[in-house]
Amino acid sequence: MVRKANKGLSKLVAIAGMVSLLIIGLVVGYYINAITQQKSNTNYPQEFGEDIAWRTSSITLSGSTTVLPIANACAVAFMNKHPGITITVQGGGSGVGYSNVIDGVVDLGMASREPKTSEIDGAKSKGVDLWLHPIALDAVCVVVHPSVANSSYPLSLTLQEVGKIFAGIYKYWDEVKPGLPHKEIVVVVREPGSGTRGTFEEYTMHPWKYNVTARASVQPSNPAVKNKVETTPYSIGYIGFSFISEKMHVVALAKEAGKPHVYPTVNSIAKGEYPISRYMYLVTNGQPKSGSLADRFIDFVRSKEGQQIVEANGFLKLPYVYPTS
Amino acid sequence: MAEVDIRKLNVWFKDNHVLKDLTLTIEENAVTAIMGPSGCGKSTLLRAINRMNETIDGCRTTGEIYIDGQNIYNGNTDVYELRRRVGMVFQKPNPLPKSIFENVAFGVKIHKLADGKKLNEIVERSLKEAVLWDEVKDRLHESAFSLSGGQQQRLCIARALAVNPEIILLDEPCSALDPIATQKIETLMRKLAEKYTVIIVTHNVQQAARVSDYVAFLYLGKLIEYGPTKQVFESPKHELTERYITGEFG
Amino acid sequence: MMRSRSWEKVFFTILGAPAAICLTVFFWITSVLLTGIGTIRLNLLTTSALQGGLFEMIVGTAYLLLGAAGVAGPVGVFAAIHLTEYARHGRLIRVIDQAINNLAGMPSILIGLFGYAFFCRQLGLGISLASGWLTLALMMLPIVIRGTEEAIKMVPYNFKEAALALGASKWETVKSVTVPSAAPGIITSILLGMARVAGETAAILFTSCVLVTRGLPKSPFEPVMALAFNLFVKIVALGESPDKVFGIALILFLLVISFASVGIALRIYYRRKQPWLR
Amino acid sequence: MSHNKCASPNFLKSFDKPVEKLMFLCALSSIVFLFLMLLFITREGMQALFTFGADFIIGPVWETNSNLYGALPLIYGSLMVVAVALAVAVPIGVATAMFVEEVLPFSIRDLVKSLIELLASIPSIIYGFIGVLFLAPQIASLFGLSSGTVALTASLVLAIMTIPTIVSVSGETIAAVPKEYKEAALALGATKWQTLKNVVVPTAKSGILASVMLGFGRAIGETVAVLMVAGNVAVIPTPPWNILSPVYTLTAAIAMQMGEAAVGTLEYSALFGLGLILFIITLVVNSLADIIAKKGIKGEKGL
């Protein structure tokens, strides 16, 4: 009986194993077939440049989540264009972007702010020369829920007033400006380390040594902040220019009291009139070798095609044509 | 105290026809033994009397059982009240994981028969009736598992007695016990018959002869012979009964 | 003294309500996700991520799963054999037992954190498939050990006796009697372990995944794209459009659920059909 | 069945010892890795612990920009979310376990149990996804909140995720209550409910308690789903029992900030410090569950 039972069972196992192997094999075969067909369909461009080494090389990017959509889309487009190359995009944040470049873990960092002094010092101590390559422009826009202000009752603030709101010095809206509702201000911010947050605080908080109120709601991304402000009455937050929607009111900002209040527009940002604007950067250790993949990728992002991707992802293209060296 | 009248009882477990057309009348205030080889349906018959068969999945019963003239299988019988009236003791002692006192008091509390002082009295009376009181009176609040097997079985009897039953069912109550404990339980059974209708299932022919007033012999789900113990053992009517009694099979 | 049985029935119906809630939640989640089925086209499964498909993520997830099973399977089965067949009950075994329970209860984020500190940095594997395998294997290990132990304990002793009486050594007995008899249970436990880690995000968040790269990893030391990671980054960091994310979520859901249901069904089947228990 | 294999040459037997050693090593692996986890998480978290001392645990401010790391709001957030989740999940889970094991007919019991187990295998990111898309807006409109990503939402999502653990572990112990106990009570005329209340539950109570502890362990370690719906504000709510305010949990902080933290910075170390706190909490909870469960088995024999 022992033998019989055991035999029956191992037979079952064998059959089950074989069937599952067969299925796995079929699936994998089908997949590999599909993918190789895709590859052979793409024609390898028959241009012979001065240097073809880059055509088979690979680079890795990591850093700011703000730049991530641009890098992601550009990487995909560039890889589709040149079938031999590999561009790997990791996440992280601006801090990771810099530190990875400094540690030599990645070829290109992504950053939505300039390096902190600590990062510059760290780079120097390791003999790394940080090069910033602007690839897009973004403005950090201060937005409020329509319950605070709207197109018929617009709101304008100075940078310091904005700072006081985010530092929690103003607790109610009517403390900011008489006539606003007597309601508690709901402050929405990005997570620490975010480039958007870094830029925002550099202009509105750091000059007066303000710190973000502990009551602030922390959101992990621009869409999250957008969603939060859209749905939260009496809230204020800051987002990238491209994320502005009709369900929120954009605040006009002045550098200081007495200066004109400026709304963020393509024009005002490009001219540098809007006070909180920033560049998106790709970061390298030293100038990338001419003709290398890193160099060509940066050029691609700055090319007409790359800048179209930048715009499609909701950022502003660089205000003037960059010399492609 | 109560007469049990079984008419055309049939029990199935799924497709297995366990009891077939059983009809017999069990006398009150006597010990009736149900005997037969393993698998003949003894326990099923016993469990039909307090409708415990129903707790097993796939059980189906037809026929009637009258206790004091009332059919316990008709729709409006309160099965819980029935089980209070018909106490049961199992093959393996099954005290609950509680103290000795709580075990005996369990049924009383469930049926809200008494509380406080009266409850104490009932517990004491039941333990005395089960001839256990002297052995446990100083340790009523110890775990029931601290008792020996025989004591545990008497505790289970006391537990059944505490709720004022009329009939006591014992399902091979001694099969897990040593000879001395068995003897104590057998003596107890004789004593219980003065007050209760006692029905015992046993596959031990000698035990049936020792303790019972009446004996029923079951074979393959059928009642082969039923009558006063003396008569069945001295002059069995059926050849199968004789062979079983003499130990030819079993 | 009459206790109303209908009252009792009402009561048990009330008791059944929570169970009904559980099942409703399950079916609700399933139905919510299935509404997204319209958004996915079948060729999404076979097109490369560079063309907007999910191919590399699906295969990448499979790579992660198979590799993790390849590590956790043998280690877990060996450990279980040792614990059931060789170990004498002693303090060490109690400690091991405790450790397995604790490992089973460890939050996946901690396993991910450890994986990053140990596999990626200390062992220098970096963000790679190999780091992911080891990290996920750590999560699978307790499930495989427990499942295998259960399967081995179900093998009747007289099977082993039969072999031992014929002069087989202990290892031969284990190899030729115990393991084959327990094989269905062992395979089931590995499947259930794979189901546990298939949708795991926190453990691979820092250890093995990237948002985009070309094709599949060519060696275990390259990073990989995976469904769960992509879904996480796309929702949390990029806030991508729900349609696209819905597709990933649905496929991930179906993948995990199918693994789990096959595992659970097999386990029930073999628990019932242990022929020697009949 | 294995005659031919048994007749294998003797040299195979010499493999016995090395194989045995290998198996022993595998058995040890769980201890080794648990120890390594503690070692490495502590090592990386040391810097933060030394910098802040006790303030790392009782400090009320978690503010990355000013490099202040006091984990109290995160610990409180985690405990609060889990407490509410358990308050929902324990009654539902235990009732479900009782219903499944004691009331449901055997034929559909396995099916229902499997479905509940499937509920447990749904990836947490899917729970988070559904929580964000469907549950949070519902909560917001129900309580008139501006945003639905609050502690309560996280608790509900966690409750759903914890229920299967509670059901399966307490169900196991309920099923393990000896049939004799139930028969004893039923034969005395106890109703099904009385049997359940007076016999089954008291006997299984240690197992049920263990299931609650395990549920606690699972809930406090849950990351992705919580991160997506908890709102992530590193402040103890006012008043502290306000479950309609957003909270930040230990796990969410690790997952959100780990990507941002550059290796070697104080932030990086502080995140591992959080990991250490979480590690200790889960270790204690799981060990307690183990002890309770083992005590239960002993109790069945002794009392």
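All values below come from the heavy atoms of this structure, side chains included, with hydrogens, waters and symmetry mates left out. Lettering of chains follows the sequences in order, A, B, ..., and the numbering in each one begins at 1.
No side-chain heavy atom of C/Glu200 sits less than 4.5 Å from a side-chain heavy atom of D/Pro123. Counting only heavy atoms from C-beta outward, the side chains of D/Glu20 and C/Glu85 never approach each other to under 4.5 Å. Counting heavy atoms from C-beta on, the side chains of C/Pro107 and D/Thr223 never come closer than 4.5 Å. Side-chain contact between C/Leu33 and D/Ile126 is present, with heavy atoms from C-beta onward closer than 4.5 Å.
Take D/Lys113 and apply the salt bridge (charged side-chain N to carboxylate O under 4.0 Å, His left out) test, not counting sequence neighbours, and it matches D/Glu101.
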The test is side-chain contact (heavy atoms from CB on, under 4.5 Å); show your working for D/Phe40 and C/Leu113 and say whether it passes. CA-CA 9 Å; D/Phe40 272 84; C/Leu113 211 53; over 6 Å; no

Run the side-chain contact (heavy atoms from CB on, under 4.5 Å) check on C/Phe118 and D/Met37 step by step: do they pass? CA-CA 8 Å; C/Phe118 187 67; D/Met37 269 180 85; over 6 Å; no

Run the side-chain contact (heavy atoms from CB on, under 4.5 Å) test on D/Leu119 and C/Val25 for me, step by step, so that the C-alpha distance in whole Å, both residues' side-chain angles and the decisive distance to 0.1 Å come before the verdict. CA-CA 8 Å; D/Leu119 203 58; C/Val25 166; 4.2 Å; yes

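Within the 4.5 angstrom heavy-atom criterion, no atom of D/Leu214 approaches chain C. Heavy atoms closer than 4.5 Å to chain D are found in both the backbone and the side chain of C/Ile29. The part of D/Val263 that comes within reach of chain C is its side chain, from C-beta onward, which places non-hydrogen atoms under 4.5 angstrom from that chain. Looking at C/Leu231, the atoms closer than 4.5 Å to chain D (heavy atoms on both sides) sit in the backbone and in the side chain alike. Heavy-atom distances place both the backbone and the side chain of C/Ile96 under 4.5 Å from chain D. Using a 4.5 Å cut-off between heavy atoms, C/Val95 contacts chain D through both its backbone and its side chain. Only the side chain of D/Ile41 has a heavy atom closer than 4.5 Å to any heavy atom of chain C. Of the two parts of D/Phe216, neither the backbone nor the side chain holds a non-hydrogen atom closer than 4.5 Å to a non-hydrogen atom of chain C. Looking at C/Phe26, the atoms closer than 4.5 Å to chain D (heavy atoms on both sides) sit in the backbone and in the side chain alike. Heavy atoms closer than 4.5 Å to chain D are found in the side chain of C/Tyr116, but not in its backbone. Neither the backbone nor the side chain of D/Leu38 comes within contact range of chain C, judged by heavy atoms closer than 4.5 Å.
Taken to the nearest 0.5 Å, the OG atom of D/Ser121 stands 5.5 Å off from the CD1 atom of C/Ile264. Rounded to the nearest 0.5 angstrom, C/Ile109 CD1 and D/Phe279 CZ are separated by 14.5 Å. From D/Leu25, atom CG reaches atom NE2 of C/His82 across 9.5 Å, with rounding to the nearest 0.5 Å. D/Ser30 contributes atom OG, which lies 7.5 Å from atom CG of C/Leu83 (distance to the nearest 0.5 angstrom). Here CG of D/Leu28 is found 6.0 Å from CG of C/Leu92. Values are rounded to the nearest 0.5 Å. A distance of 7.5 Å separates CD1 in C/Ile100 from OG in D/Ser29, rounded to the nearest 0.5 Å.
Your options are D/Val100, D/Leu278, D/Leu104, D/Thr165, and the one with the most heavy-atom pairs under 4.5 Å with chain C is D/Leu278. In terms of heavy-atom pairs under 4.5 angstrom with chain D, the leader among C/Leu110, C/Thr173, C/Thr201, C/Leu103 is C/Leu110. The most heavy-atom pairs under 4.5 Å with chain D, out of C/Leu141, C/Ile21, C/Leu205, C/Val32, come from C/Val32. Interface summary for chain D: among C/Phe232, C/Phe206, C/Phe27, C/Phe114, the most heavy-atom pairs under 4.5 angstrom belong to C/Phe114. The candidate from D/Phe24, D/Phe35, D/Phe134 with the greatest count of non-hydrogen atom pairs under 4.5 Å with chain C is D/Phe24. Taking C/Gly76, C/Pro142, C/Pro74, C/Ala99 one by one and counting their heavy-atom pairs under 4.5 Å with chain D, the maximum is reached by C/Ala99. Ranked by heavy-atom pairs under 4.5 Å with chain C, the list D/Ile130, D/Thr282, D/Leu118 is led by D/Leu118. When D/Thr251, D/Ile163, D/Ile116, D/Ile122 are compared by the number of non-hydrogen pairs under 4.5 Å with chain C, D/Ile122 comes out ahead.
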Side-chain atoms of residues 248-257 of chain C: list all donor-acceptor pairs with protein atoms under 3.5 Å, sequence neighbours left out, distances to 0.1 Å.
none

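For the residue pair D/Asp290 and C/Asn101, a side-chain donor N or O sits within less than 3.5 Å of a side-chain acceptor on the partner.
Looking at every heavy atom in both residues, D/Cys26 comes nearest to C/Val75 through CB-O, 3.4 Å. Scanning both residues, D/Thr96 and C/Cys22, for their nearest heavy atoms gives OG1-SG, 3.8 Å. Taking all atoms of both residues into account, the shortest heavy-atom contact from C/Ala117 to D/Glu44 is CB-CG, 4.1 Å.
Checked against a 6.0 Å centroid threshold, the rings of D/Phe129 and C/Phe246 count as neighbours.
When the shell of 6.0 Å around CD of C/Glu150 is examined, it contains more than 12 heavy atoms from other residues, nucleotides or ligands.
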